[in-house]
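The structure under discussion appears below in the form of structure tokens.
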Number of protein chains: 2
Amino acid sequence: MIGGMADRPYHHGHLRAALLAEAERTLREEGIDALSLRDLARQTGVSHAAPRRHFADRQALLDALAEAGFAWLGDEVRAAVNGASGDYQARLRAAATAYVRFATADAALLQLMFTVKNASQPGVLPEASASLFGAVSDLIGQGQRADALPPGDPGRLRLLLVATLQGIAALVISGRVPAEQTDALVADAVALFTRSHN
Amino acid sequence: MIGGMADRPYHHGHLRAALLAEAERTLREEGIDALSLRDLARQTGVSHAAPRRHFADRQALLDALAEAGFAWLGDEVRAAVNGASGDYQARLRAAATAYVRFATADAALLQLMFTVKNASQPGVLPEASASLFGAVSDLIGQGQRADALPPGDPGRLRLLLVATLQGIAALVISGRVPAEQTDALVADAVALFTRSHN
DNA sequence: ACCTGAACACCGTTCAAGT
DNA sequence: ACCTGAACACCGTTCAAGT
């Protein structure tokens with residue numbers, strides 16, 4: 001045997017996780033068009049048909065990526081809220097900033113999360129996004145109890161807040177908002193929600 | 001000659017327009033994954049290499065579709081504003097509803113408009129979206145003059161309004177907002193902007 | 001249970017050649 | 001100026017077979 005590299009055993013052992021990690025990197029660095037199952041198999045050192053065991057088709061892989069993305073974004077938003085000091089508006093701004101930062105750092109992933117033709121397993125993605133929506137729900141509840149947000153159906157207010165953050169992210173990603181204006185726009189959005197309530 | 005159908009002449013004559021029309025239909029009815037240059041050529045009755053004369057590559061076709069989409073959406077929003085009767089809030093709501101209706105009726109096209117990896121011709125897409133942004137700018141100006149919208153930089157308010165509409169559309173398209181709740185969410189958004197100013 | 005290798009039907013893109 | 005036909009290097013997906 002020349003070269004001395006230990007041969008990978010016939011069974012990879014962590015193929016599913018390896019594929020997901022490699023896919024996330026490719027998605028972030030090169031965009032969704034560069035994401036091919038064959039290429040992923042090549043970079044992971046298995047045959048082109050091996051991924052089939054773990055992902056029924058390309059869409060199943062994309063769904064899994066979106067699912068992981070929701071969990072991750074939910075964690076980021078929660079961490080930003082918990083780590084922020086200051087009044088309610090400051091905490092809301094921290095959460096909003098974390099959201100938009102995630103969106104610009106991993107634009108293709110965010111887009112994947114908010115498109116979803118038809119999840120292979122119906123109900124999986126709504127469940128995954130519940131983590132994010134739950135974090136925002138907590139934040140809404142706090143704001144309404146502190147009279148820092150307008151009263152009314154918290155569910156609709158939550159949707160409206162997520163929509164606004166999502167929309168800002170979309171504008172930044174598409175280049176219609178220059179990167180320097182991002183923070184100001186986020187601050188404007190937060191001010192709009194907390195207007196005459198601080 | 002059997003069948004009697006007049007043979008298409010060697011030169012199609014309106015190939016570019018025919019390709020765009022067919023592409024718009026496919027995009028709307030079957031989504032972006034079903035949009036292939038070869039299939040488009042087939043359905044238009046030319047060889048698979050013919051589209052190359054009019055669109056350098058697949059991305060150039062997508063850019064052209066996005067460009068047309070912006071012009072169309074701008075027209076829709078303008079028409080809604082002009083056709084609405086009632087106070088300012090009613091006109092703003094009409095515009096917002098037109099936007100979201102467009103988004104849900106042609107989800108894949110809207111997504112194309114707000115992704116844009118890198119337009120083949122830099123500057124073409126920003127120019128096309130100016131039609132939409134101009135319509136919204138007019139609406140913002142009217143609102144601020146009538147004291148129906150908060151004062152401040154109209155440019156930022158415009159971005160924020162577009163972001164909110166875009167975000168609502170994204171939530172509806174991804175199925176996170178049920179279709180029945182769409183109108184209520186749009187009304188909430190409009191109320192948020194005009195709050196304590198009507 | 002997990003992976004390989006060959007096969008099939010598609011793509012986008014290129015380019016010499018035809019009208 | 002516009003379109004064709006063959007060619008190239010890719011895909012996703014399927015399936016019998018190997019370990």
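Fair warning: this is a prediction, and the values are worked out from it, not measured in the lab. Here is the naming used below: chain letters follow the sequence lines, and residue numbers restart at 1 for every chain.
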Which nucleotides of nucleotides 11-19 of chain C have their base under 4.0 Å from a protein heavy atom (B), which only their sugar-phosphate (S), and which neither (-), written as one string 5' to 3'? SBBBB--B-

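Across all their heavy atoms, L19(B) and A41(B) have their closest contact at CD2-N, 4.5 Å. The two atoms that bring L159(B) and R176(A) nearest to each other are CD2-O, 4.3 Å, heavy atoms only.
Between the side chain of R195(A) and the backbone N or O of R195(B), at least one donor-acceptor pair lies under 3.5 Å.
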Under a 3.5 Å cutoff on both atom distances, Watson-Crick or G-U, what's the dot-bracket for DNA chain C ([ ] crossing, | other strand)? ||.|||||...|||||.||

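Aromatic ring pairs are classed by plane angle as parallel below 30°, tilted from 30° to 60° and perpendicular above 60°; the pair F102(A) and W72(A) is perpendicular.
In this structure, a donor-acceptor pair under 3.5 Å is absent between the side chains of R42(A) and S36(A).
Between F55(B) atom CZ and dC3(D) atom P there is a gap of 12 Å when expressed in whole angstrom units.
Taking OG of S47(B) as the start and CZ of R38(B) as the end, the distance is 9.5 Å to the nearest 0.5 Å.
Each of V177(A), I173(A), T182(A) was evaluated against V100(A); a single residue qualifies, T182(A), per the side chain to side chain contact (heavy atoms under 4.5 Å, CB included) test.
Crowding of R101(A) atom CZ: a count of heavy atoms from other residues, nucleotides or ligands under 6.0 Å not exceeding 12.
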